[in-house]
K.L.:
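Got a structure here, written out as structure tokens. Questions coming.
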Amino acid sequence: MCSEKLSLPVLVTLIIIGLAACEKQGPAERAGEKMDNAAEKMGDKIEDATDKAGDKLEDAGDKIEDKTD
């Protein structure tokens, strides 16, 4: 019975220590996170450029349509 009372606090302590250790990032994790952020920013810029190009093509198509009517 005594070991059951002792095992719960020990288990909780081990879990807390384990979770605290997971929060520390090493150089590889930090580098990976920076690469992920850079790739996401690049994707956003490509999407913006594609949207702008699409808008310009649509405007050009509208102008051609207006002139041929």
Side-chain angles (χ1 to χ4, degrees):
M1 183 145 199
C2 182
S3 66
E4 289 177 13
K5 289 181 182 179
L6 182 63
S7 64
L8 182 60
V10 170
L11 180 62
V12 170
T13 303
L14 289 174
I15 291 172
I16 290 172
I17 290 171
L19 290 174
C22 290
E23 290 184 21
K24 296 180 183 177
Q25 290 185 342
E29 288 85 2
R30 287 192 299 270
E33 190 173 318
K34 286 181 181 181
M35 289 174 61
D36 289 344
N37 290 339
E40 186 175 341
K41 286 180 183 178
M42 188 185 320
D44 290 343
K45 288 182 179 183
I46 290 171
E47 184 178 354
D48 290 345
T50 303
D51 288 345
K52 287 179 184 178
D55 290 343
K56 288 183 179 183
L57 287 172
E58 187 175 337
D59 289 344
D62 290 344
K63 287 180 182 178
I64 292 171
E65 187 177 325
D66 289 344
K67 291 189 178 190
T68 58
D69 283 343

K.L.:
Using distance only, find each side-chain donor-acceptor pair of residues 37-46 under 3.5 Å and give its atom names and separation, not counting sequence neighbours.
P.N.:
| from | atom 1 | to | atom 2 | distance (Å) |
| --- | --- | --- | --- | --- |
| N37 | ND2 | E33 | O | 3.4 |

K.L.:
Roughly how far, to the nearest 0.5 Å, is OG1 of T50 from CD of E47?
P.N.:
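OG1 of T50 is found 7.5 Å from CD of E47.
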
K.L.:
Can you run down the side-chain hydrogen bond (donor to acceptor under 3.5 Å, both in side chains) pairs that involve residues 51-62, sequence neighbours left out, and say none if there aren't any?
P.N.:
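Residue pairs passing side-chain hydrogen bond (donor to acceptor under 3.5 Å, both in side chains), neighbours aside: none found.
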
